[in-house]
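What follows is a short report on a single structure.
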Amino acid sequence: MTETLSPRPQTDPIATPAETLLAWYDRNRRRLPWRAEPGRRADPYHVFLSEIMLQQTTVKAVGPYFSAFLTRWPTVADLAAAPLDQVLSAWAGLGYYARARNLHACAKAVVARHGGRFPADEAALRDLPGIGPYTSAAIAAIAFDIPASPVDGNIERVVSRLHAIATPLPKAKTEIRQRAAALTPRLRAGDFAQAMMDLGATICTPRSPVCGLCPLDAGCTARALGTPSLYPVKTPKTAKPARTGIAFLAVRADGAVLLRTRPDTGLLAGMTEVPSTPWSRAEEVPASPAAHAPLPATWRALPGQVLHVFTHFALDLAVWRAELPAQTAAPTGHFWVRPADFGTQALPSVMRKVLVHGGIQAAITTSRAR
DNA sequence: GATACGTGGAA
DNA sequence: TTTCCAAGTAT
């Protein structure tokens, strides 16, 4: 009688994979800043903020940014009321800056459409800016315990190994989503999703998975085949093209540096940058780069260059520096910023590298660096 | 469906 | 040094 009311032990031969995994999760869950205490539901705003930050980004990198954002904007209404440029400067260094713009737009939409409370509905979440199929399912499951089935890179890997799916990604996504949904329990769907992610992050890792510690190892086809690290199969990636350019570092006698704002679409949209030539393929370098300088000056090429790898190309930037008198006015579209005020700017990592290369210290202050 | 979109750490 | 990758989304 009573034993039918107790959770099945992990060794129960008729336990489902979800039951086995949840039992493992109850003993091995990671403690993360955005997670609630065991048995409690996390704040939807915390789940939202962490999920956006964690897109294609490591837990380690997100940590300080999550804390900084939560301190500065404790509620979604606070975030919605913030100026976009403050959100961008707080995000600087974390990458994929469209996320920050969408984060802000989403906060405003939650206030406008939903009275400042995240909807407990996967489809309504999916309609918000920056929230796609993964994030809507993750928030629904984790914040509201709705039996949704988020599929991130971890879960793709775990599921593709459990079933030894030979179809390469991204073609296999449909099958993986179906398999993941079939595993998802009606109860504790949020814990199940986080358990799958924890398993993928700590046991079922991309390289050298620790199958000997895996709670699902008895039911894993890839493990049975002896080749877990072969999954998921992926289509080969194309090589990154190289681009090159020259950054113009104008330094005023009072120490201020000449900067400008990038266009609000495309790469590093709306972020602050050191003015430069266009970034082009090596064979298309402008004949007279000085024509692209923001103002007339005695430009001197600094030794070395700044190398930075974006998602889809590698950038090799030379830095030319010029010293200007203290009263020099900023050309149209440009502005002077003292290093002490860099913290107010949305300076992406590549531009901090340019500033450091050009001998401007104080350029290394981001949430990441702190 | 393919491509654009950052960054820094690990092997 | 090079490659891969980390809780994806928008177009």
Side-chain angles (χ1 to χ4, degrees), chain A residues 30 32-35 42 46-66 88 91-103 105-106 125-143 148-158 168-174 177 180 190 193-202 205-208 229 232 234-241 243 262-263 265-271 273 307-315 346-353 364 366-369:
Chain A
R30 288 181 293 173
L32 299 170
W34 41 87
R35 284 187 175 170
H46 297 188
V47 177
F48 157 71
L49 183 58
S50 66
E51 289 298 343
I52 301 298
M53 288 183 166
L54 286 162
Q55 290 169 5
Q56 300 290 287
T57 308
T58 58
V59 166
K60 179 171 181 287
V62 165
Y65 285 85
F66 178 80
L88 287 177
W91 194 279
L94 199 54
Y96 282 145
Y97 298 100
R99 291 185 296 172
R101 306 170 76 82
N102 286 143
L103 179 87
C106 184
L125 289 164
R126 176 70 181 80
D127 282 338
L128 294 165
I131 296 186
Y134 163 76
T135 304
S136 57
I139 297 174
I142 297 170
S149 177
V151 178
D152 72 334
N154 286 306
I155 297 177
E156 273 184 356
R157 185 170 58 254
V158 171
L169 287 171
K171 198 176 195 305
K173 281 180 180 290
T174 302
R177 272 195 290 270
Q194 293 176 95
M196 289 283 277
M197 295 185 227
D198 280 12
L199 188 71
T202 64
T205 50
R207 288 172 283 217
S208 309
S229 59
K234 296 188 176 182
T235 51
K237 299 174 180 174
T238 57
K240 291 183 201 296
R243 294 192 201 176
R262 291 180 61 87
T265 57
L267 184 71
L268 305 174
M271 303 294 286
E273 71 172 357
L307 305 175
H308 190 80
V309 181
F310 293 97
T311 308
H312 52 299
F313 68 93
L315 179 63
L347 282 168
S349 291
V350 61
M351 292 303 154
R352 291 181 188 275
K353 286 186 188 178
I364 45 176
T366 63
S367 290
R368 186 189 295 277

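Chain letters run A, B, ... following the sequence lines, proteins first, then strands; residues in each count from 1.
When each of A/K240 and A/G130 is assigned the nucleotide of DNA chain C with its nearest heavy atom, A/K240 is the one assigned upstream, toward the 5' end. Looking at which nucleotide of DNA chain B each of A/A98 and A/T238 is closest to, the 5′-most match is held by A/T238. Summary of the strand contacts: A/H308 and A/R207 both lie near DNA chain B, and taking for each the nucleotide with the nearest heavy atom, the more 5' one is attributed to A/H308. When each of A/R30 and A/N102 is assigned the nucleotide of DNA chain C with its nearest heavy atom, A/R30 is the one assigned upstream, toward the 5' end.
Nucleic acid contact class of A/V62 (heavy atoms, under 4.0 Å, all strands): none. Using a 4.0 Å heavy-atom distance criterion, A/R157 is classed as a sugar-phosphate-only contact. When heavy atoms are screened at a 4.0 angstrom cut-off, A/L103 is found touching no nucleic acid atom at all. Counting non-hydrogen atoms under 4.0 angstrom, A/G266 reaches the backbone sugars and phosphates but no base. Within 4.0 Å (heavy atoms only), A/W34 reaches at least one base atom of the nucleic acid. Residue contacts shown for A/K237 are limited to sugar-phosphate atoms, with no base heavy atom under 4.0 Å away. Among the atoms of the strands shown, only primed sugar atoms or phosphate atoms (P, OP1, OP2) are found under 4.0 Å from some heavy atom of A/P133. Here A/P170 lies out of heavy-atom contact (under 4.0 Å) with every strand. Across all strands shown, A/I131 has heavy atoms under 4.0 Å from sugar-phosphate atoms exclusively, and none from any base.
For an aromatic pair to be called close, the ring centres must be under 6.0 Å apart, and A/W34 with A/F66 satisfies this.
When distances run from any side-chain atom of A/D152 to the nucleotides B/dC5, C/dA10, C/dG8, the shortest one goes to C/dG8.
At a cut-off of 3.5 angstrom, the base of B/dG8 holds no donor-acceptor pair with the side chain of A/S349. For A/T135 against C/dG8, no side-chain N or O and base N or O form a donor-acceptor pair under 3.5 Å.
Taking A/H46 as the reference, nothing meets the ring pair (Phe, Tyr, Trp, His ring centres under 6.0 Å) condition, with sequence neighbours excluded. Among residues two or more places apart in sequence or in another chain, the ring pair (Phe, Tyr, Trp, His ring centres under 6.0 Å) test is passed with A/Y134 by none.
Using a 4.0 Å cut-off, no side-chain N or O of A/H312 falls inside it from OP1 or OP2 of B/dT3.
Here C/dG8 presents its C1' atom at 17 Å from OH of A/Y97, a figure rounded to the nearest Å. Following rounding to the nearest Å, A/K353 (NZ) and B/dT7 (P) show an atom-to-atom distance of 8 Å. Note: OH (A/Y96) to P (C/dG8) measures 10 Å, nearest angstrom. In this structure, A/R99 atom CZ and C/dG8 atom C1' are separated by 9 Å, rounded to whole Å. Atom pair A/L268:CG and B/dC5:C1' shows a separation of 9 Å (rounding to whole Å applied). Counting to the nearest Å, the P atom of C/dG8 and the NZ atom of A/K234 are 10 Å from each other. The distance between atom CZ of A/R126 and atom P of C/dG8, rounded to the nearest whole Å, is 15 Å. If you measure from atom CG of A/L347 to atom C1' of B/dT7, you get 15 Å, rounded to the nearest angstrom.
C/dA6 and B/dC5 have their P atoms separated by 23 Å, with the value rounded to a whole Å. Here the separation of C/dG8 from B/dG1, taken at their C1' atoms, is 16 Å to the nearest Å.
Residues A/P232 and A/R157 form a side-chain contact, since some pair of their non-hydrogen atoms from C-beta on lies under 4.5 Å apart. For the pair A/I142 and A/F48, the minimum side-chain heavy-atom distance is 4.5 Å or more.
For A/K353 and A/H308, the side-chain atoms include at least one donor-acceptor pair closer than 3.5 Å. Side-chain N/O atoms of A/R99 and A/Q55 include no donor and acceptor closer than 3.5 Å.
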